[in-house]
Amino acid sequence: MKQEISHGLGPATQHLLSLVDSAPFREFVSAITGVRDLISDPTQKFAGVHRMPPGGFTKIHRDFEVQSTTRLFNRLNLLIDLNRDWPEAYGGSLELWPAEMSALGRRIFPQFNTMILWETHGATLHGLPDPVTCPPGRMRLSVASYYYTTTRRVPAPGERRVRYWAARPGEDHCMERMSWQDHLRALMPDPLYNVLRAARDRISRARRSRAS
């Protein structure tokens with residue numbers, strides 16, 4: 001499975017993270033994506049170095065919407081691959097899939113110095129679903145950073161984050177099993193769903209104000 005490391009990093013990795021979290025770089029990212037007022041995460045939760053050992057994989061999934069500590073809204077993912085001399089036989093490609101999981105959108109090989117940036121929401125599914133086949137002593141390496149906003153992205157009509165995991169065509173759909181909370185969200189009418197989300201956002205803003 002994927003290993004996420006945000007502490008005890010070397011000076012070069014710390015410098016890279018400082019660069020991609022800096023205000024000028026966030027402005028650059030905003031200019032590319034159109035997502036304004038981006039905030040870097042001071043806790044670096046889920047960020048840092050991501051390592052995938054031989055046999056490791058991450059099934060196709062939707063990312064979290066709200067950072068549990070800061071209560072900020074997750075808006076953009078940034079990955080930079082760090083795999084020198086990594087032949088195709090080692091695998092480890094990132095896959096991007098549409099919401100309906102009808103066909104693969106893009107497969108990105110983890111070539112050294114490749115940077116991938118995408119908006120994260122209910123319709124942007126991704127993962128490393130095929131086990132890495134590098135030899136012992138090697139790992140698939142990348143640096144990750146996440147960008148946040150204080151306000152929630154306006155979802156498309158009918159867009160819901162119901163399932164976390166998603167099965168590719170031909171895979172066993174038992175991995176998509178939902179909790180009772182997921183089933184409740186799926187059945188909830190849009191007006192009620194939006195009212196509850198707005199109320200939760202107001203509570204989050206109040207908590208952030210008290211903490212600042």
Side-chain angles (χ1 to χ4, degrees), residues 1-59 61-96 106-121 124 126-150 208 211-212:
M1 298 298 289
K2 180 175 69 175
Q3 303 169 2
E4 299 169 347
I5 303 170
S6 58
H7 301 289
L9 302 174
T13 304
Q14 291 177 353
H15 178 72
L16 177 58
L17 283 171
S18 296
L19 173 65
V20 299
D21 287 345
S22 66
F25 195 86
R26 294 199 309 271
E27 291 175 4
F28 168 70
V29 169
S30 289
I32 293 174
T33 62
V35 182
R36 301 298 176 186
D37 302 318
L38 292 174
I39 302 170
S40 57
D41 181 6
T43 71
Q44 291 194 337
K45 188 173 184 178
F46 308 116
V49 174
H50 289 184
R51 307 192 307 188
M52 193 75 72
F57 64 93
T58 304
K59 288 295 187 183
H61 62 281
R62 296 170 174 85
D63 271 354
F64 62 97
E65 185 175 18
V66 181
Q67 211 270 35
S68 58
T69 302
T70 63
R71 306 307 298 173
L72 295 170
F73 296 100
N74 184 18
R75 297 297 304 276
L76 296 166
N77 289 7
L78 176 77
L79 292 178
I80 302 175
D81 288 316
L82 303 176
N83 308 289
R84 292 186 185 272
D85 303 319
W86 188 268
E88 290 190 16
Y90 289 1
S93 291
L94 173 71
E95 291 189 2
L96 307 177
R106 186 75 178 268
R107 180 180 288 114
I108 303 172
F109 182 71
Q111 184 176 349
F112 178 76
N113 214 28
T114 298
M115 185 174 76
I116 308 107
L117 176 69
W118 74 93
E119 189 173 0
T120 179
H121 51 75
T124 55
H126 59 281
L128 281 68
D130 297 318
V132 172
T133 54
C134 63
R138 293 291 307 271
M139 287 188 177
R140 183 196 189 280
L141 298 175
S142 61
V143 165
S145 187
Y146 299 84
Y147 301 106
Y148 300 85
T149 57
T150 58
R208 286 198 302 269
S212 60

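Numbers here are sequence positions counted from 1.
Residues that satisfy the side chain to side chain donor-acceptor pair (under 3.5 Å) test with N77, not counting sequence neighbours, are D63. Here Y90 pairs with W86 under the ring-ring contact (aromatic ring centres under 6.0 Å, His included) rule; sequence neighbours left out.
Between P53 and M139, the shortest heavy-atom contact is CA-CG, 3.9 Å. The minimum heavy-atom distance linking Q111 with D81 is given by the pair O-CB, 3.4 Å. Nearest heavy atoms, R36 versus T149: O-CG2, 3.6 Å. Between T43 and T69, the shortest heavy-atom distance links the atoms CG2-CG2, 4.3 Å. Across every non-hydrogen atom of N83 and P110, the tightest pair is ND2-O, 3.1 Å. Between V35 and S30, the shortest heavy-atom contact is O-OG, 2.7 Å.
Counting heavy atoms from C-beta on, the side chains of F57 and P129 never come closer than 4.5 Å. Taking 4.5 Å as the limit, some side-chain heavy atom of L82 sits within range of a side-chain heavy atom of V143. Side-chain atoms of V20 and Y147, non-hydrogen and from C-beta on, do get closer than 4.5 Å to each other. Put simply, the side chain of R51 does not reach to within 4.5 Å of the side chain of R140, judged on heavy atoms. Under the 4.5 Å side-chain criterion, counting only non-hydrogen atoms from C-beta, T58 is in contact with M52. Side-chain contact check for L78 versus V29: every heavy-atom pair is 4.5 Å or farther apart. Looking only at side-chain heavy atoms (C-beta outward), L76 and E119 come within less than 4.5 Å of each other. At a threshold of 4.5 Å between non-hydrogen side-chain atoms, the residues R84 and F112 count as touching.
Under 3.5 Å, the side chains of D21 and S145 contain a donor-acceptor pair of N or O atoms.
The main-chain N or O of L72 is never found under 3.5 Å from a side-chain atom of Q67 such that the two would form a donor-acceptor pair. Side-chain atoms of H121 do not come within 3.5 Å of backbone N or O of R75 as any donor-acceptor pair.
Taking the six-membered ring where the residue is Trp, F64 and Y146 present tilted rings, their angle falling between 30° and 60°.
D130 CG: more than 12 foreign heavy atoms inside a 6.0 Å radius.
Note: L19 CG to Q14 CD = 13.5 Å, rounded to the nearest 0.5 Å. Remark: F28 CZ to L38 CG distance equals 12.5 Å, nearest 0.5 Å. Atom-to-atom distance recorded for R62:CZ and T124:OG1 is 8.5 Å, nearest 0.5 angstrom.
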